[in-house]
Colleague: 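For reference, the structure I am asking about is given below.
So you know, we letter chains A, B, ... as the sequences are listed, proteins then strands, and number each from 1. The figures that follow rest on heavy atoms only: side chains count, while hydrogens, waters and symmetry mates do not.
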Amino acid sequence: MPELAEVEYMRKRWNPGLGQRIEGVRLHAKAGVFRGTKPRLIARYLTGATFIASEAAAKQMLFRASGGVWLGLHLGMTGELSVQPAGYLPRKADHLVLEQSGQALIFSDFRMFGRVQFAVGPEAPVWWTEIAPAVMSKHFTREAVATFLRRRAKSPIKAVLLMQERFPGVGNWMADEILWRAGVHPRRPAGSLTPVEVAALHRQTRWVADHALKTIGETFADPPPSWLFRHRWKDGGRCPKSGEGLVREEIGGRTTCWSPGRQQLP
DNA sequence: TCCTATGTTGTATG
DNA sequence: ACATACAACATAGG
């Protein structure tokens, strides 16, 4: 489920816990989402700490608690955050539960492609600070995109858009939406795009991120029917701009949807 | 039973 | 060292 805007929405779901003490921690220490961490240490440090602030970047979230405690969450493919009433009994996929007075903050992920990260210290940990600058930031320039596409010249542009080191937060549906709006065929080699196409790709990346945050990121509401998003999920969909049938094929290992009239190979 | 799924990551190959 | 391609991870639902 989660790309840039879905992640932002999920981050805010824990807002009711801000300013509240974490009275207890329940976790599934052997769950794959804790790979590379020491779950018992996480439980020990979080217990008694106060949840202070959170932010999202790319497809990740960072939760800060008192005492220099930093909790990172990645939702993988099926991760979710929720708030449940106090006394809630964790279910199978509820791998991390932060108990507060009157409520519990839940991280669940049945497929366990998500992950938990953890650090203690005065500064945000490197696994957070090394995330690429957001596509809405001033660092995401047309020139940076052009340089990156040149370095990945032979890969299909669809696969390149999924690379988090340059397009943080872009996932499968966003990549298709961006290419559709830019009028670029997903199978085009990244190095073959003209300067005009690179400019369009850069502009549409920002546009899609901005508008997804305003719809999905705020209320989890679907974007309007004018978006490819609303038509791309199953066979038989029609292009909201041209009305022609959409095509779905696997590109770069991911199901890809495009509008053949608007997005052509040379 | 078989296929698909809004994501990464390790590994093999060039 | 770098770029590229793809299997693997784990689970549910159609």
Side-chain angles (χ1 to χ4, degrees), chain A residues 1-11 13 28-37 56-61 72-81 91-95 107-117 127-128 130-132 135 147-181 186-192 205 208-209 211-213 215-217 219-223 227-237 246-258:
Chain A
M1 165 197 302
E3 300 180 20
L4 186 79
E6 289 96 347
V7 170
E8 170 63 4
Y9 177 75
M10 287 294 167
R11 176 188 72 82
R13 277 191 158 184
H28 295 158
K30 290 188 176 172
V33 295
F34 289 104
R35 59 195 178 274
T37 71
K59 297 173 188 171
Q60 305 189 61
M61 295 166 289
L73 295 178
H74 190 298
L75 297 172
M77 202 82 110
T78 53
E80 278 187 50
L81 300 191
R91 317 243 299 250
K92 192 164 69 166
D94 299 333
H95 304 303
F107 166 56
S108 60
D109 181 12
F110 72 83
R111 272 177 89 181
M112 293 195 283
F113 289 174
R115 83 184 306 164
V116 177
Q117 288 174 292
W127 46 256
W128 182 260
E130 72 190 3
I131 294 173
V135 299
T147 302
F148 190 73
L149 266 50
R150 251 178 268 128
R151 205 150 62 81
R152 308 289 182 163
K154 291 183 177 171
S155 293
I157 186 62
K158 167 63 187 278
V160 173
L161 272 172
L162 294 174
M163 293 177 180
Q164 300 299 293
E165 70 248 49
R166 180 45 70 196
F167 299 96
V170 172
N172 204 33
W173 78 254
M174 281 185 79
D176 286 358
E177 189 78 35
I178 291 161
L179 289 169
W180 175 70
R181 289 176 184 273
R187 227 183 267 285
R188 291 273 302 284
S192 75
T205 299
V208 170
H211 288 254
L213 284 167
T215 55
I216 301 168
T219 63
F220 216 59
D222 282 352
W227 285 43
L228 179 67
F229 180 96
R230 292 284 292 272
H231 312 272
R232 67 177 306 277
W233 303 103
K234 50 185 191 298
D235 292 338
L246 296 168
V247 177
R248 283 154 51 85
E249 281 177 26
E250 186 165 301
I251 299 176
R254 310 298 301 279
T255 298
T256 300
C257 178
W258 72 95

Colleague: Quick one: ring pair (Phe, Tyr, Trp, His ring centres under 6.0 Å) partners of A:H74, sequence neighbours excluded?
Modeller: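 Expected list: none.
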Colleague: By the 4.0 Å heavy-atom rule, please label A:A153 as base, sugar-phosphate, or nothing.
Modeller: sugar-phosphate
Colleague: With Watson-Crick and G-U wobble geometry limited to distances under 3.5 Å, how should the secondary structure of DNA chain B be encoded in dot-bracket form, using | for bases paired to another strand and [ ] for crossing pairs?
Modeller: .||||.||||||||
Colleague: Sequence neighbours left out, what passes side-chain contact (heavy atoms from CB on, under 4.5 Å) with A:R151? Give chain and number order.
Modeller: A:F148
Colleague: According to side-chain hydrogen bond (donor to acceptor under 3.5 Å, both in side chains), who are the partners of A:E8, at least two apart in sequence or on a separate chain?
Modeller: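 With sequence neighbours excluded, A:E8 shows a side-chain hydrogen bond (donor to acceptor under 3.5 Å, both in side chains) to A:R11, given in chain and number order.
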Colleague: I need the CE-P distance between A:M10 and B:dG7, as an integer number of Å.
Modeller: 14 Å
Colleague: Using the test ring pair (Phe, Tyr, Trp, His ring centres under 6.0 Å), find all partners of A:Y9 that sit at least two apart in sequence or belong to another chain.
Modeller: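 A:Y9 satisfies ring pair (Phe, Tyr, Trp, His ring centres under 6.0 Å) with A:F220 once adjacent residues are dropped.
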Colleague: Send over the distance from A:I251 CD1 to B:dA5 P, rounded to a whole Å.
Modeller: 13 Å
Colleague: To the nearest 0.5 Å, how far apart are CH2 in A:W173 and SG in A:C257?
Modeller: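 With rounding to 0.5 Å, CH2 (A:W173) is 13.0 Å from SG (A:C257).
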Colleague: Need to verify one output field. Residue with the more 5' nearest nucleotide on DNA chain B, A:E250 or A:K59?
Modeller: A:E250
Colleague: Please state whether the phosphate of B:dA5, meaning OP1 or OP2, lies under 4.0 angstrom from any side-chain nitrogen or oxygen of A:T78.
Modeller: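 For B:dA5, neither OP1 nor OP2 has a side-chain N or O of A:T78 closer than 4.0 Å.
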Colleague: Between A:R111 (CZ) and B:dA5 (P), how many Å, whole number?
Modeller: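 One finds 10 Å between P of B:dA5 and CZ of A:R111, rounded.
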Colleague: I need the full list of salt bridge (Lys or Arg N to Asp or Glu O under 4.0 Å) pairs touching residues 249-258 of chain A, with sequence neighbours left out, sorted by first then second residue.
Modeller: A:R187-A:E249
Colleague: Would you please name every residue forming a ring pair (Phe, Tyr, Trp, His ring centres under 6.0 Å) with A:W227, sequence neighbours left out?
Modeller: A:W207
Colleague: Write down the distance between CG (A:L161) and P (B:dT8), rounded to a whole number of angstrom.
Modeller: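 Taking atom P of B:dT8 as the reference, CG of A:L161 is at 13 Å.
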Colleague: Separation of A:M112 atom CE from B:dA5 atom C1', in whole Å?
Modeller: 16 Å
Colleague: Among A:H95, A:R91, A:E80, find the residue that satisfies the side-chain contact (heavy atoms from CB on, under 4.5 Å) test when tested with A:S108.
Modeller: A:E80
Colleague: Could I get a table of every N or O pair under 3.5 Å where one atom is in the protein and the other is in nucleotides 9-14 of chain B?
Modeller:
unit_1 : atom_1 : unit_2 : atom_2 : d
B:dT9  : OP1    : A:R115 : NH1    : 3.3

Colleague: For A:K92, answer base if it contacts any base atom (sugar-phosphate contacts may also be present), sugar-phosphate if it contacts only those atoms, and nothing otherwise; contact means non-hydrogen atoms under 4.0 Å.
Modeller: sugar-phosphate
Colleague: Between C1' on B:dT8 and CD on A:Q164, what's the gap in Å once rounded to a whole number?
Modeller: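 One finds 9 Å between C1' of B:dT8 and CD of A:Q164, rounded.
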Colleague: The criterion is side-chain hydrogen bond (donor to acceptor under 3.5 Å, both in side chains); which residues satisfy it with A:T255, sequence neighbours excluded?
Modeller: none
Colleague: Grab the CE-C1' distance between A:M61 and B:dG7 for me, whole Å please.
Modeller: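 Atom-to-atom, A:M61 to B:dG7, this comes out as 13 Å.
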Colleague: Report the residues that fulfil ring pair (Phe, Tyr, Trp, His ring centres under 6.0 Å) with A:W258, sequence neighbours left out, ordered by chain and then residue number.
Modeller: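 Here the qualifying residues are A:H185.
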Colleague: Name the closest nucleotide to the A:F113 side chain, picking from B:dG7, B:dT8, B:dA5.
Modeller: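 The answer is B:dG7, which lies nearest to the side chain.
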Colleague: Classify A:G253 by what it touches in the nucleic acid, base, sugar-phosphate, or nothing, heavy-atom distance under 4.0 Å.
Modeller: nothing
Colleague: Could you list where the contact with chain A starts and ends along DNA chain C, reading 5' to 3', using a 4.0 Å heavy-atom cut-off?
Modeller: C:dA3 to C:dA12
Colleague: Going by heavy atoms in the side chains, are A:V208 and A:V170 under 4.5 Å from each other?
Modeller: no
Colleague: Please tabulate, for the side chains in residues 153-163 of chain A, all donor-acceptor contacts under 3.5 angstrom to protein atoms that are two or more places apart in sequence or on a different chain.
Modeller:
unit_1 : atom_1 : unit_2 : atom_2 : d
A:K158 : NZ     : A:N172 : OD1    : 2.6
A:K158 : NZ     : A:D176 : OD1    : 2.9
A:K158 : NZ     : A:T256 : OG1    : 2.8

Colleague: Taking atom P of B:dG7 as reference, at what distance in whole Å does atom CG of A:L4 sit?
Modeller: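 Roughly 12 Å, once rounded to whole Å.
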Colleague: Verify the contact: side-chain N or O of A:H74 to OP1 or OP2 of B:dT8, cut-off strictly under 4.0 Å; return yes or no.
Modeller: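 Affirmative; the distance criterion is met.
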